[in-house]
Participant: 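What follows is a structure written as structure tokens; I'll ask about it next.
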Amino acid sequence: MEQRELEVDLRMDKGKGAASRIRREGRIPAVLYGRAMETYSLSLNPEELKKILTSGARENTLIGLRIKGEGSEKVGHKVVMLKDLQVHPTKRKYLHADFYAVAMDVKIEVEVPIHLTGKAEGVKTGGILEQPRREVRVRCLPSDIPEFIEVDVSGLTIGDSLHVKDIPSSSKFEIVAETNFTVASVTPPISEAKYEEIVAAPEGEREIVQPERIGEKKEEAEEGKA
Amino acid sequence: MLAPKKVKYRKQQKGRRKGIASRGSQLNFGDYALQASECGWLTTRQIEAARVAMTRHIKRGGKIWIRIFPDKPITKKPAETRMGKGKGPPEDWVAVIKPGRILYEMEGVTRETAVQAFRLAAHKLPLATKFIAREEASESA
């Protein structure tokens, strides 16, 4: 797997005041941690991170951190993976990143996207292809993380579904799933009658049904006994 | 019409809508979504009208998820009533919406169909909304 390089600054100031200052400067705060190592606070350019996350293996990309700043020689060069990314809900800006230092000889578990290929038979006859699960958990060495796993759905007819256990296995990774989740299914389109019912315009002045109050019946029953 | 089956209290205070949505702001089920850009209340009728508009456009293809539920009772005093004598009876149910909240999601349709369906739906809502797609949601920075 290709490894990308990212330049980051080591920072000593912590807390939300410092984080806000960093964001005002156009950078974002980040943190680096891993097994048997100290935790370090970093700051980075979100545009550079975006370039990495929008290409190749996206969030599963191995990143080589080039750490700069006072005390950076103590940390050294680290190979990391993105563990968490906070994004602003409306502006979609990156707010904070968590990096996890990985050991290249220790297997890790990551979520790998599932790509559906081919056009399902059922879709040609009017069915709807659904993908309830878009990622699958995989255990492998950091260098063997697949960009995505391709699943062929061309054989699916209406009513058929593919499960986690149907995903083709590989010698490089093993799929970790306690439950045999549905990955893709072709469902029949809703019937004409049901469609008419669904799209029936809501009546203009439909009465609001008053809901039952929790405990109301109980109180009445108790009053009755008394 | 969407409304709770059971409630603990019949009436609620009005409340204030501060900040942005932290929950329900991610695209979780479908490929495309309609996201609120501003805050407001959506009544059960508005939610229903937008859903019907979308469903009519996508016809029998595709799947729609409604990500909001009107769980807040709104009271109103009867017409020509003098002030006082307590709070009026519950008249409607609303969902409290903050910026960033995903309102509807859609899957199984083309991007063009989804854009048009959400455009029709947005006309039924009293809020500014925007269209988001799965790939863009993960790529934006």
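Lettering follows sequence order; numbering is per chain, from 1.
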Participant: Counting only heavy atoms closer than 4.5 Å, note whether B:T55 contacts chain A via side chain, backbone, both or neither.
Facilitator: both
Participant: Which bit of A:S191 is near chain B, if near means a heavy-atom gap under 4.5 Å: side chain, backbone, both or neither?
Facilitator: backbone
Participant: Looking only at heavy atoms, what is the nearest atom pair of B:I20 and A:P89, with distance?
Facilitator: CD1-CD, 3.6 Å
Participant: Surrounding NZ of B:K124 (heavy atoms of other residues, nucleotides or ligands, distance under 6.0 Å), is the total greater than 12?
Facilitator: no
Participant: Can you list everything that forms a side chain to side chain contact (heavy atoms under 4.5 Å, CB included) with A:R21? Sequence neighbours excluded, please.
Facilitator: A:D13, A:A18, A:R24
Participant: Among B:G62, B:G108, B:A21, who wins on heavy-atom pairs under 4.5 Å with chain A?
Facilitator: B:G62
Participant: Picking from B:Q35, B:K63, B:R10, which has the most non-hydrogen pairs under 4.5 angstrom with chain A?
Facilitator: B:K63
Participant: Of all residues at least two apart in sequence or in a different chain, which pass the side chain to side chain donor-acceptor pair (under 3.5 Å) check with A:N45?
Facilitator: none
Participant: Could you measure the distance from the NZ atom of B:K6 to the CZ atom of A:R213? Nearest 0.5 Å is fine.
Facilitator: 12.5 Å
Participant: Tell me whether the count of non-hydrogen atoms from other residues, nucleotides or ligands lying under 6.0 Å of NZ in B:K11 goes above 12.
Facilitator: yes
Participant: Around atom NZ of A:K124, are there more than 12 heavy atoms from other residues, nucleotides or ligands closer than 6.0 Å?
Facilitator: yes
Participant: Shorter than 4.5 Å, heavy atoms on both sides: which option in B:Q26, B:R101, B:K59, B:M54 has the most such pairs with chain A?
Facilitator: B:K59
Participant: Hey, could you give me the CG/CD distance between B:D31 and A:Q131, rounded to the nearest 0.5 Å?
Facilitator: 7.5 Å
Participant: When only pairs under 4.5 Å are counted, which of B:K130, B:R51, B:E107, B:K8 shares the most heavy-atom pairs with chain A?
Facilitator: B:E107
Participant: Is there a donor-acceptor contact under 3.5 Å from the side chain of A:R134 to the main chain of B:N28?
Facilitator: no
Participant: How many angstroms lie between OG in B:S25 and CZ in A:R92, if you round to the nearest 0.5 Å?
Facilitator: 7.0 Å
